[in-house]
Amino acid sequence: MTVATASSPTNTTIDTMPTDATTLDRIHQIYSQPLPDLMFEAQRIHREHHDPRAIQLCTLGNIKSGACPEDCGYCSQSVHNSSGLAPEPLMQSAAVLQEAQAAKASGSTRFCMGAAWREVKDGPQFDRVLDMVRDVAALDMEVCCTLGMLKPHQAQQLKEAGLTAYNHNLDTSPSYYEKVITSRTYQDRLDTIKAVSDAGISVCCGGIVGMGESQTDRLEFLEALLKLDPVPESIPINSLIPIAGTPLENAPPIDPIDMVRMIATTRILFPTAIVRLTAGRAAMSDELQAMCFVAGANSIFTGPVLLTAPNPSRDHDGELLRRLGMVAKTN
Ligand code: SAM
Ligand code: SF4
């Protein structure tokens with residue numbers, strides 16, 4: 001067996017490569033470097049911009065569940081899939097406020113409200129969501145919404161209501177997207193992201209790995225994030241939760257080492273962003289999560305349910321952070 005001899009470590013960042021390399025070449029070079037070099041570079045950059053021991057706790061509330069007309073191949077809430085999820089109408093504002101208050105009491109500094117809509121429609125339901133945004137903002141929490149596609153005037157109304165961020169994930173590469181979702185286009189996503197940015201709301205935009213995509217798809221997804229102007233301030237990286245009754249229920253899971261590489265490369269490409277280790281943590285070992293934190297992930301979603309899927313308990317997350325000597329961000 002030939003063992004590669006260790007050359008002097010050459011940490012690779014997006015700025016230390018020949019300028020004739022394409023952006024994708026440079027992302028590939030960062031991603032595929034020896035793991036010790038990649039982790040060192042990610043941790044170095046992470047420390048330049050963040051407290052490496054601090055993790056932002058977030059809570060995601062599902063304010064309108066199921067019966068979504070979109071055909072996202074991963075999603076339990078799509079009417080096109082047969083996950084068996086019982087749909088729920090838009091929650092009452094008081095119940096959402098209670099969830100946000102409980103989230104704050106358990107250490108979350110960001111409360112995200114997700115609705116299984118294709119798009120926002122003007123009218124009493126959107127007015128109720130605007131009230132929810134005002135209520136949560138009044139708790140002195142970061143308030144995020146993820147409601148599907150938005151028009152510019154709706155983004156402006158959310159901004160005026162006090163919205164901190166809007167989540168709208170690109171999920172994967174432009175070429176793989178149509179293999180996962182056919183009821184909308186990548187450009188539809190980009191149009192909503194632009195409306196959000198133009199309204200002065202910060203963009204939360206990330207994706208999913210483990211859907212059967214190639215490594216190139218993963219890197220082209222990161223390249224697509226880099227092309228956003230401004231780049232996202234919040235990047236959720238989801239590991240597919242295979243949902244029975246969805247087309248992706250038997251997708252091959254991502255190699256855990258590749259998950260660490262994905263987090264570390266995201267950190268290097270987006271030094272100031274909050275990188276959120278999001279869906280899929282219930283299937284991750286504590287050791288894998290710890291490596292993702294060292295690689296630069298600095299946020300998790302807490303609470304026993306993430307939208308409609310299981311998530312580690314708050315107690316388990318608290319014990320993990322304690323064992324790691326890490327703390328929940330407070331500001
Ligand atoms: N309906 C809104 C939309 O599609 O923009 C809300 C999205 S909500 C934040 C769901 C997000 O979580 C999706 O954009 C996707 O990235 C992620 N997600 C949904 N189902 C998932 C699953 N089974 N495994 C991993 N990530 C999932
Ligand atoms: Fe609907 Fe969002 Fe699920 Fe897609 S991810 S089916 S848009 S709820």
Side-chain angles (χ1 to χ4, degrees), residues 58-85 87-88 90 110-121 129 144-150 154-155 158 165-173 176-178 180-186 188-193 195-196 203-213 218 221 224-225 232 234-254 259 262 276-284 299-301 303 305-311:
C58 304
T59 298
L60 175 56
N62 205 9
I63 62 174
K64 181 265 176 184
S65 183
C68 183
E70 299 272 47
D71 67 355
C72 307
Y74 47 72
C75 189
S76 61
Q77 305 193 71
S78 166
V79 294
H80 301 271
N81 300 336
S82 44
S83 70
L85 181 78
E88 298 284 342
L90 182 65
R110 178 176 280 216
F111 187 69
C112 310
M113 294 179 275
W117 286 331
R118 169 181 168 81
E119 60 194 343
V120 170
K121 292 193 172 75
V129 172
C144 170
C145 279
T146 181
L147 311 169
M149 293 184 274
L150 275 185
Q154 294 162 340
L158 284 164
Y166 194 84
N167 165 264
H168 207 61
N169 292 334
L170 288 176
D171 276 337
T172 189
S173 68
Y176 197 67
Y177 196 81
E178 59 201 25
V180 178
I181 299 167
T182 64
S183 55
R184 61 173 184 257
T185 65
Y186 216 71
D188 290 330
R189 296 308 264 189
L190 294 172
D191 292 347
T192 287
I193 291 167
V196 168
V203 170
C204 173
C205 182
I208 311 177
V209 289
M211 299 192 289
E213 74 284 344
R218 293 173 190 158
F221 153 68
L225 289 185
S234 163
I235 303 175
I237 301 292
N238 297 286
S239 175
L240 179 77
I241 301 172
I243 306 271
T246 64
L248 289 175
E249 63 178 321
N250 297 313
I254 184 172
M259 184 68 185
M262 195 67 189
R276 305 187 191 275
L277 187 62
T278 306
R281 287 196 308 116
M284 291 180 194
S299 176
I300 57 174
F301 282 85
V305 177
L306 189 66
L307 284 181
T308 67
N311 199 50

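Along the sequence shown, residues carry numbers from 1. Both counts, for ligands and for their atoms, begin at 1 and track the order of listing.
- Contact check for Val196 versus His168: no side-chain heavy atoms found under the 4.5 Å cut-off.
- Under 4.0 angstrom from ligand 1, the non-hydrogen atoms of Asp171 all belong to its side chain.
- Taking 2.8 Å as the threshold, Cys72 counts as a candidate ligand of atom 4 (Fe) of ligand 2, since one of its N, O or S atoms lies below it.
- Distances shorter than 4.0 angstrom occur between a heavy atom of Arg184 and an atom of ligand 2.
- Judged by distance alone, with hydrogens and angles left aside, the side-chain atoms of Arg184 form no donor-acceptor pair with the main-chain N or O of Arg189 at under 3.5 Å.
- Using a 4.0 Å cut-off between heavy atoms, Thr146 contacts ligand 1 through both its backbone and its side chain.
- A donor-acceptor pair is defined here as one N or O able to donate and one able to accept, closer than 3.5 Å; no such pair exists between the side chain of Asn238 and the backbone of Gly206.
- When each atom of ligand 1 is checked for a heavy atom of Leu240 under 4.0 Å away, the hits are 24 (N), 25 (C).
- In terms of modelled atom types and a separation under 3.5 Å, the side chain of Arg281 and the main chain of Phe301 share a donor-acceptor contact.
- Pairing each heavy atom of Tyr74 with each of Leu240, the nearest pair is CB-CD1, 3.6 Å.
- With hydrogens and angles ignored, the 3.5 Å screen pairs a side-chain donor or acceptor of Thr146 with a backbone N or O of Asn167.
- Nearest protein heavy-atom contact of atom 14 (O) of ligand 1 is Asn169 ND2, 3.2 Å.
- Only side-chain heavy atoms of Leu307 come within less than 4.0 Å of ligand 1; its backbone N, CA, C and O stay farther off.
- Exactly one residue among Ile181, Ile208, Leu248 makes a side chain to side chain contact (heavy atoms under 4.5 Å, CB included) with Cys72. That residue is Ile181.
- A donor-acceptor pair under 3.5 Å is absent between the side-chain atoms of Arg110 and the main chain of Ala165, judged by distance alone.
- A pairwise comparison of heavy atoms in Val129 and Trp117 identifies CG2-CH2, 3.9 Å as the closest pair.
- The backbone N or O of Tyr176 sits nowhere less than 3.5 Å from a side-chain atom of Glu213 that would complete a donor-acceptor pair.
- Contact annotation: for Asn167 versus ligand 1, heavy atoms closer than 4.0 Å belong to the side chain alone.
- Residue Cys68 approaches ligand 2 through these ligand atoms, each under 4.0 Å from one of its heavy atoms: 1 (Fe), 6 (S), 7 (S), 8 (S).
- Side chain of Asp71 to main chain of Thr182: a donor-acceptor pair is present (N/O by atom type, distance under 3.5 Å, no hydrogens or angles).
- Contact of the Cys204 side chain with the Pro236 side chain is registered, since non-hydrogen atoms from C-beta on lie closer than 4.5 Å.
- Annotation: atom 27 (C) of ligand 1 to nearest protein heavy atom, Ile208 CD1, 3.8 Å.
- Side chain of Thr246 to main chain of Ile243: a donor-acceptor pair is present (N/O by atom type, distance under 3.5 Å, no hydrogens or angles).
- For Ile243, every heavy-atom contact with ligand 1 shorter than 4.0 Å involves the side chain, none the backbone.
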Practice item. Kindly indicate, with the supporting measurements, whether the criterion side chain to side chain contact (heavy atoms under 4.5 Å, CB included) is fulfilled by Glu119 and Asp188. Key: CA-CA 10 Å; Glu119 60 194 343; Asp188 290 330; over 6 Å; no
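- The residue among Ile241, Asn238, Thr308 with a heavy atom at the shortest distance from atom 24 (N) of ligand 1 is Ile241.
- When the options Gln77, His168, Arg189 are ranked by their closest heavy atom to atom 4 (O) of ligand 1, first place goes to Arg189.
- Counting atoms of ligand 1 from 1 in the listed order, those under 4.0 Å from a heavy atom of Ala279 are 25 (C), 26 (N).
- Interface of Ser78 with ligand 2, defined as ligand atoms under 4.0 Å from a residue heavy atom, comprises 6 (S).
- In the vicinity of Ala116, heavy-atom distances shorter than 4.0 Å reach the ligand 2 atoms 8 (S).
- When Cys68, Cys112, Ala115 are ranked by how near their heavy atoms come to atom 1 (N) of ligand 1, first place goes to Ala115.
- For atom 3 (Fe) of ligand 2, the closest heavy atom belonging to the protein is Cys75 SG, 2.3 Å.
- In the vicinity of Tyr74, heavy-atom distances shorter than 4.0 Å reach the ligand 2 atoms 5 (S).
- When heavy-atom distances to ligand 1 are checked against a 4.0 Å cut-off, Pro242 has no atom that comes that close, whether in backbone or side chain.
- At the shortest separation from atom 20 (N) of ligand 1 among protein heavy atoms lies Tyr74 CD1, 3.3 Å.
- Within the 4.0 Å heavy-atom criterion, neither part of Met211 lies near ligand 1.
- Near Ser239, meaning under 4.0 Å from any of its heavy atoms, are these atoms of ligand 1: 25 (C).
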